[in-house]
**Student:** 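This is the structure I have questions about; it appears just below.
If you're wondering where the values come from, they're calculated on a predicted model, not measured in any experiment. Every chain is numbered from 1, with letters handed out A, B, ... down the list of sequences. Hydrogens, waters and symmetry mates are skipped; everything else that's a heavy atom, side chains included, is used.
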There are 2 protein chains.
Amino acid sequence: MKLGTKGRYAVMALVDLAYYGQGKPLALTEIAQRQSLPISYLEQLFLKLRQKGFVASTRGHLGGYTLAREAEAIRISEILEAIGEPIETTRCDKSSSTGCLGTNAKCLTHTLWAGLGAQMHQYLHGISLADVCERRVV
Amino acid sequence: MKLGTKGRYAVMALVDLAYYGQGKPLALTEIAQRQSLPISYLEQLFLKLRQKGFVASTRGHLGGYTLAREAEAIRISEILEAIGEPIETTRCDKSSSTGCLGTNAKCLTHTLWAGLGAQMHQYLHGISLADVCERRVV
DNA sequence: GAATTCCCGACTAAATTAGTCAAGTATGAA
DNA sequence: TTCATACTTGACTAATTTAGTCGGGAATTC
Ligand code: FES
Ligand code: FES
């Protein structure tokens with residue numbers, strides 16, 4: 001049960017962007033250096049973040065990224081979702097109605113894990129980028 | 001952010017043991033079949049569970065495992081810990097006082113992830129094996 | 001002594017992660 | 001124009017982790 005670098009880096013970078021980029025575009029190299037993250041890896045992540053509408057890009061000299069939405073309106077849970085690091089606590093495919101294995105009944109532990117997932121999602125949904133920037137996290 | 005099979009299988013098996021094994025030893029083959037889990041994998045897990053004092057074993061014919069502690073007194077969080085699937089949300093080594101990278105200050109996202117970890121631990125600590133068996137989970 | 005069951009360590013195939021690399025496109029400044 | 005900067009994109013890969021398997025052994029009961 002561990003958090004990977006994808007999600008971690010994405011949030012770190014977006015926090016940095018919200019924190020230091022006051023309106024004007026911030027280059028990825030700058031973010032990468034400040035947070036000491038591999039830049040070519042970040043490029044990958046920001047590609048997805050742009051496609052999903054979290055950031056906007058300006059190319060060329062003095063270009064960079066800006067937040068496409070208000071920092072108050074971006075939930076941490078959304079970032080993880082967008083980047084491809086979803087919360088997967090249950091094993092059963094929630095689309096099909098079949099449980100863990102073969103049987104169409106849910107296994108004994110299903111509600112346990114589902115509850116855990118809900119708990120995590122609720123926590124991460126309740127915190128915005130702005131909250132992290134301004135250290136409003138308990 | 002996904003739950004692996006180690007933790008999942010361990011909890012499934014222990015729930016099965018608490019549910020079907022009324023006092024008397026339950027063979028691993030029986031548990032494995034009922035939950036359709038790979039038996040040789042389960043053996044590995046139960047080795048650790050015994051060493052950590054969650055179950056007791058009886059060898060030979062009609063042998064098997066029994067719970068070594070009351071089902072009410074076994075928290076899900078303990079199982080995951082024992083089996084080697086801990087909750088790792090932060091990246092910094094909590095023993096050393098150094099943060100994510102080099103600097104001894106905590107990174108901006110540290111409290112966010114620490115909070116998530118605390119949330120998860122709290123949830124899993126608040127639920128016992130007995131709770132799962134008797135479906136007292138929201 | 002034969003069947004059953006736990007005990008234990010070593011090993012491995014497959015999947016995932018955590019990136020790198022190379023080539024291209026757009027923009028602004030000198 | 002030309003150059004430097006910076007985003008864009010897909011392909012590729014090394015390392016790690018996961019999810020097991022396998023083989024042999026030891027204890028216990030019938
Ligand atoms: S986790 Fe959903 S049925 Fe087992
Ligand atoms: S996660 Fe602890 S300092 Fe970054």
**Student:** Are side-chain heavy atoms of B:Lys106 and B:Thr111 found at a separation under 4.5 Å?
**Tutor:** no

**Student:** If I take atom NZ in residue A:Lys24 and atom C1' in nucleotide D:dC7, what distance separates them, rounded to the nearest angstrom?
**Tutor:**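 Result: 17 Å.
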
**Student:** Within the structure shown, what part of the strands sits under 4.0 Å from A:Ser40 by heavy-atom distance: base, sugar-phosphate, or nothing?
**Tutor:**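 If one applies the 4.0 Å heavy-atom cut-off, A:Ser40 turns out to touch a base.
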
**Student:** What is the distance, to the nearest angstrom, from the OH atom on B:Tyr41 to the C1' atom on C:dG9?
**Tutor:**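 The distance from OH of B:Tyr41 to C1' of C:dG9 comes to 16 Å, rounded to the nearest Å.
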
**Student:** Would you kindly give the NZ-to-P distance between B:Lys2 and D:dT17, to the nearest whole Å?
**Tutor:** 15 Å

**Student:** Quickly work out the A:Leu37 CG to C:dG19 P distance and round it to whole Å.
**Tutor:** 9 Å

**Student:** Could you tell me if the side chain of B:Pro86 sits less than 4.5 Å from the side chain of A:Met1, heavy atoms only?
**Tutor:**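 No - every pair of side-chain heavy atoms lies 4.5 Å or more apart.
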
**Student:** Ignoring backbone atoms, test whether B:Thr5 places a side-chain nitrogen or oxygen under 4.0 Å from the OP1 or OP2 oxygen of D:dT18.
**Tutor:**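 No, no such contact exists.
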
**Student:** Mind calculating the distance between CG (A:Leu47) and P (D:dA6) to the nearest angstrom?
**Tutor:** 19 Å

**Student:** B:Thr89 versus A:Lys2: any side-chain heavy-atom pair under 4.5 Å?
**Tutor:** no

**Student:** Does B:Arg50 or B:Gly63 map to a spot on DNA chain C nearer the 5' end, using the closest nucleotide for each?
**Tutor:**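 Residue closer to the 5' terminus by nearest nucleotide: B:Gly63.
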
**Student:** A:Phe46 near the nucleic acid: base, sugar-phosphate alone, or nothing, with a heavy-atom cut-off under 4.0 Å?
**Tutor:**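 No contact.
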
**Student:** Can you find a donor-acceptor N/O pair under 3.5 angstrom joining the side chain of A:Gln51 to the base of D:dT8?
**Tutor:** no

**Student:** Given C:dG28, C:dC7, C:dT4, identify the nucleotide with an atom nearest to the side chain of B:Ser57.
**Tutor:**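 Of C:dG28, C:dC7, C:dT4, C:dC7 is nearest to the side chain of B:Ser57.
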
**Student:** Counting distance alone, no hydrogens or angles: does the base of C:dT20 have a donor or acceptor under 3.5 Å from a partner atom on the side chain of A:Glu43?
**Tutor:** no

**Student:** If you check the B:Leu28 side chain, which of C:dC6, D:dA6, D:dC30 turns out closest?
**Tutor:** C:dC6

**Student:** Take atom CD of B:Glu70 as the centre, draw a 6.0 Å sphere, and report whether it contains more than 12 heavy atoms from other residues, nucleotides or ligands.
**Tutor:** no

**Student:** Any idea which of D:dT8, C:dC6, D:dG20 is nearest the B:Tyr9 side chain?
**Tutor:** D:dG20

**Student:** Name the closest nucleotide to the A:His61 side chain, picking from D:dG20, D:dC30, C:dA29.
**Tutor:** C:dA29

**Student:** Among D:dG20, C:dG19, C:dA26, which nucleotide has an atom closest to any side-chain atom of A:Arg59?
**Tutor:**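 Among D:dG20, C:dG19, C:dA26, the one nearest the side chain of A:Arg59 is C:dA26.
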
**Student:** Measure from the side chain of A:Gln44, starting at C-beta and using heavy atoms only, and say which of C:dC6, C:dA10, C:dG19 lies closest.
**Tutor:** C:dG19

**Student:** Is A:Leu42 reachable from A:Tyr20 through a run of hydrophobic residues whose side-chain heavy atoms are each under 4.5 Å from the next?
**Tutor:** yes

**Student:** Find the distance B:Leu45:CG to D:dT18:P and express it as a whole number of Å.
**Tutor:**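 Distance, rounded to whole Å: 13 Å.
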
